[in-house]
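Just so it is clear, the model here is predicted, and its values are computed rather than measured. Excluded from the calculations below are hydrogen atoms, water molecules and symmetry mates; all remaining heavy atoms, backbone and side chain alike, are included.
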Amino acid sequence: MPDSLVPKTVSVLAEGYGLARLKADALAGLTVAIVALPLSMAIAIASGVTPDRGLYTAIVGGFLVSLLGGSRVQIGGPAGAFIVLVAATAARHGIDGLLLATAMAGVMLVAAGYLRLGQYIKFIPYPVTVGFTAGIAVIIFASQLRDLFGLTLPGGEPGPIVEKIMALGRSADTSNWAAVLTAALTITIILALRRLRPHWPSMLIAVSAASVVVAVLHVPTETIGTRFGGIPRGLPLPALPPLAFEKAVAVFPDAVSFALLGAIESLLSAVVADGMTGRRHRSSMELIAQGIANLCSALFGGICVTGTIARTATNVRAGGTSPVSGMLHAIFLLLFMLLAAPLASFIPLASLAGVLAIVAWNMIEKPAFVALLRSSYGDAVVLLATFFIVVFRDLTEGIVVGFALGAVLFINRMAKSISVGETKPLEMLQVMSGKEEHPLIADDPDTVIYRISGIFFFGSAATVASVLDRIADQRRNFILDCSEVPFMDSTAANVIEGTLRKAERTGVRFIITGANTQVRRALYQHHVRPPRVLMRASVEAALETIRSEMSA
């Protein structure tokens with residue numbers, strides 16, 4: 001089995017796993033579980049499903065991501081990035097449709113992993129990831145305004161952000177002061193603890209404190225118990241979502257979006273973990289693990305699973321050394337459901353909304369956003385296009401458009417980086433034997449040398465062609481130096497073939513020098529080969545050939 005398809009758990013156990021590492025991983029797993037507990041329920045509620053489904057996702061999906069994944073410290077579970085997609089899918093197709101789409105996305109991710117598609121995620125430009133993350137943060141914050149202010153809407157809450165804000169604005173007079181104060185208390189405790197006691201589990205403490213205040217003082221605000229009736233004590237039995245061809249066709253676009261976003265989010269999280277640990281993740285195995293985790297999450301009634309950057313970073317900072325910490329984090333969450341599920345009924349929804357408001361604020365990479373706006377016009381365009389399309393249109397569209405704009409700008413920059421021009425023989429010729437110049441060749445008006453420097457591809461083909469078309473018909477020898485061309489595509493090779501045809505019509509001898517293996521292969525495929533052209537290792541070798549013929 002290729003090394004890229006071996007779970008990191010196998011590698012860790014092969015290295016040797018002792019009691020000291022188990023203690024470190026257990027402490028890290030408990031720390032992550034404390035962070036994941038309120039987040040999993042908050043994300044589920046914001047996604048339009050019951051809070052227990054968020055816990056199912058964190059327990060089942062989180063365990064499998066760590067057990068089978070390609071990263072040592074990746075933590076899987078429900079993520080804020082999926083809130084909009086999950087909510088929209090649940091609204092359109094119901095819970096059964098959501099579970100089916102999640103399972104289908106899992107199958108797609110497994111296939112992507114076996115096809116080694118994970119390596120291509122690294123080609124997504126940095127401005128796209130920053131704009132995408134910032135856009136998701138805005139959407140998450142907007143989705144929490146209803147619970148933050150305790151608003152009562154006459155109908156369902158609209159999905160598109162403009163309609164959402166307008167609907168919330170029309171219901172501003174229904175604001176509940178108790179919900180506002182509860183959310184403010186939660187946010188204040190989180191911010192204060194992060195400043196004064198940064199190593200304490202600020203989110204869990206804040207939610208717990210708010211729950212106690214609401215329960216003791218009988219504060220009139222919605223809780224998990226009043227809206228959802230609490231959460232069950234344990235996992236449900238696994239069951240396949242209802243399978244029907246028509247339903248599968250209907251949810252297929254949503255499944256594709258889940259798979260695409262899950263792959264991007266998970267591998268970005270793995271890259272962040274690599275930077276923190278100095279390790280290297282296995283992208284293909286990570287996608288397979290994410291796929292299996294999504295499939296099994298759907299079987300247990302959970303929602304989409306992905307690698308989570310915040311919880312993964314918490315795991316690393318808490319001292320997690322192996323996938324065992326992620327598996328233990330899932331076990332600790334399961335123990336909470338078994339032992340303390342009734343306590344969840346007292347959690348105020350406004351408090352969970354305050355948690356997600358903090359999460360949304362932290363998701364925005366503010367220094368990176370400002371730096372990209374100032375760096376260059378192209379990066380700013382890609383960043384803002386991705387951001388606004390994600391916020392006002394669609395997450396997948398934002399990624400696709402941002403990637404396309406980034407690719408076009410890259411092509412434009414690479415096209416401008418190429419240079420081509422005439423070089424005088426006197427500047428080039430030094431015979432290898434004596435390193436002496438030969439004025440006979442240097443002054444020969446029948447020999448012309450052109451040098452191409454840079455990647456020669458379709459983006460720069462027109463620029464090079466316009467220069468090569470100026471070759472004087474009266475020249476007898478035309479040398480094209482390709483020693484500084486690392487890559488040549490078929491469009492570029494076709495340009496060279498056109499120049500060769502012109503040289504053949506006018507009786508000019510065509511010599512190509514310095515071409516590497518890839519460049520020669522591209523040229524040969526377009527019939528630019530001996531005897532139509534001479535191939536020489538260097539300009540000096542080509543000039544020596546001409547000098548020898550002239551001397552003879």
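- Of the possible polar contacts, one joining the N294 side chain to the V305 backbone as a donor-acceptor pair under 3.5 Å is found.
- Atom-to-atom distance recorded for E265:CD and L267:CG is 10.0 Å, nearest 0.5 angstrom.
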Practice prompt. Determine, stepwise, if the pair R53 / I95 fulfils side chain to side chain contact (heavy atoms under 4.5 Å, CB included).
Written response: CA-CA 11 Å; R53 296 187 185 275; I95 294 298; 3.7 Å; yes

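- For L295, the side-chain contact (heavy atoms from CB on, under 4.5 Å) test picks out A103, with sequence neighbours left out.
- For the residue pair G131 and L383, the shortest heavy atom distance occurs at N-CD1, 3.4 Å.
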Practice prompt. Determine, stepwise, if the pair M41 / F228 fulfils side chain to side chain contact (heavy atoms under 4.5 Å, CB included).
Written response: CA-CA 11 Å; M41 292 187 288; F228 302 105; over 6 Å; no

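- A distance of 10.5 Å separates CG in L5 from CG in L287, rounded to the nearest 0.5 Å.
- Remark: side-chain polar atoms of T102 are paired, donor with acceptor, to backbone N or O of L98 under 3.5 angstrom.
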Discussion item. Using the rule given for side chain to side chain contact (heavy atoms under 4.5 Å, CB included), can you reason through F258 versus F82, listing the C-alpha separation, both sets of side-chain angles and the distance that settles it, and then say yes or no?
Written reply: CA-CA 8 Å; F258 289 167; F82 280 89; 4.2 Å; yes

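- Residue pairs meeting the side-chain hydrogen bond (donor to acceptor under 3.5 Å, both in side chains) criterion with at least one partner in residues 239-257, sequence neighbours excluded, are T89-D254, R92-D254, H93-D254, S257-T396.
- Judged by distance alone, with hydrogens and angles left aside, the side-chain atoms of T9 form no donor-acceptor pair with the main-chain N or O of P323 at under 3.5 Å.
- For the ring pair (Phe, Tyr, Trp, His ring centres under 6.0 Å) test, residues two or more places apart in sequence or in another chain that qualify with F387 are F369.
- Atom CZ of F410 sits in a sparse spot, with 12 or fewer heavy atoms from other residues, nucleotides or ligands closer than 6.0 Å.
- What you find for A137 and A360 is that their closest heavy atoms are CB-O, 3.1 Å.
- Test H281, K8, E286 against Q74 for side chain to side chain donor-acceptor pair (under 3.5 Å) and you get one pass: E286.
- T226 places a side-chain N or O within donor-acceptor distance of the main-chain N or O of T223, the cut-off being under 3.5 Å.
- The side chain to side chain contact (heavy atoms under 4.5 Å, CB included) test with L333 is passed by exactly one of L328, L338, I59: I59.
- Judged purely by atom type and a 3.5 angstrom limit, S175 uses its side chain to pair as donor or acceptor with the backbone of F149.
- Distance OG1/T306 to CD/Q290: 5.0 Å, rounded to 0.5 Å.
- Atom OH of Y17 sits in a crowded spot, with more than 12 heavy atoms from other residues, nucleotides or ligands closer than 6.0 Å.
- Within the 4.5 Å cutoff, the side chain of E397 has no heavy atoms near those of the F392 side chain.
- S11 places a side-chain heavy atom less than 4.5 Å from the side chain of R282.
- In the displayed structure, F346 atom CZ is contacted under 6.0 Å by at most 12 heavy atoms of other residues, nucleotides or ligands.
- Every pair passing side-chain hydrogen bond (donor to acceptor under 3.5 Å, both in side chains) that includes a residue from residues 324-347 is listed here, sequence neighbours excluded: N315-S325.
- Nearest approach of C304 to T57, heavy atoms of both residues: O-CG2, 3.4 Å.
- Although no hydrogens or angles enter the test, the distance criterion places a donor-acceptor pair under 3.5 Å between the side chain of R116 and the main chain of Y114.
- Between the R311 side chain and the V35 main chain, no donor and acceptor come within less than 3.5 Å of each other.
- Nearest heavy atoms, A368 versus V130: CB-CG2, 4.2 Å.
- Looking at heavy atoms from C-beta onward, L334 lies in side-chain contact with L235 at the 4.5 angstrom threshold.
- When each of I83, T50, L349 is paired with I45, the side chain to side chain contact (heavy atoms under 4.5 Å, CB included) condition holds for L349 and for no other.
- Taking 4.5 Å as the limit, every side-chain heavy atom of V84 sits out of range of all side-chain heavy atoms of I136.
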Discussion item. Go through it in stages, so that I can follow the logic: the residues are M203 and V359, the test is side chain to side chain contact (heavy atoms under 4.5 Å, CB included), and I'd like the CA-CA distance, side-chain angles, deciding distance and then a yes or no.
Written reply: CA-CA 10 Å; M203 290 184 179; V359 170; 3.7 Å; yes

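- Note: W361 CH2 to I190 CD1 = 15.0 Å, rounded to the nearest 0.5 Å.
- Between I139 and V390, the shortest heavy-atom distance links the atoms CD1-O, 3.2 Å.
- Screening residues 127-147 for side-chain hydrogen bond (donor to acceptor under 3.5 Å, both in side chains), with sequence neighbours left out, gives D147-R227.
- Here the side chains of I75 and V65 are not in contact, with every heavy-atom distance at 4.5 Å or above.
- L240 contributes atom CG, which lies 10.5 Å from atom CG of L99 (distance to the nearest 0.5 angstrom).
- For CG of L339, the number of neighbouring non-hydrogen atoms (other residues, nucleotides, ligands) closer than 6.0 Å is greater than 12.
- Checked by atom type and distance alone, the side chain of T182 never pairs as donor or acceptor with a backbone atom of S351 at under 3.5 Å.
- Each side-chain hydrogen bond (donor to acceptor under 3.5 Å, both in side chains) pair with one or both residues in residues 37-48, not counting sequence neighbours, would appear here, but there are none.
- When the shell of 6.0 Å around NZ of K23 is examined, it contains 12 or fewer heavy atoms from other residues, nucleotides or ligands.
- Between S322 and R21 the shortest heavy-atom distance is CB-NH2, 3.8 Å.
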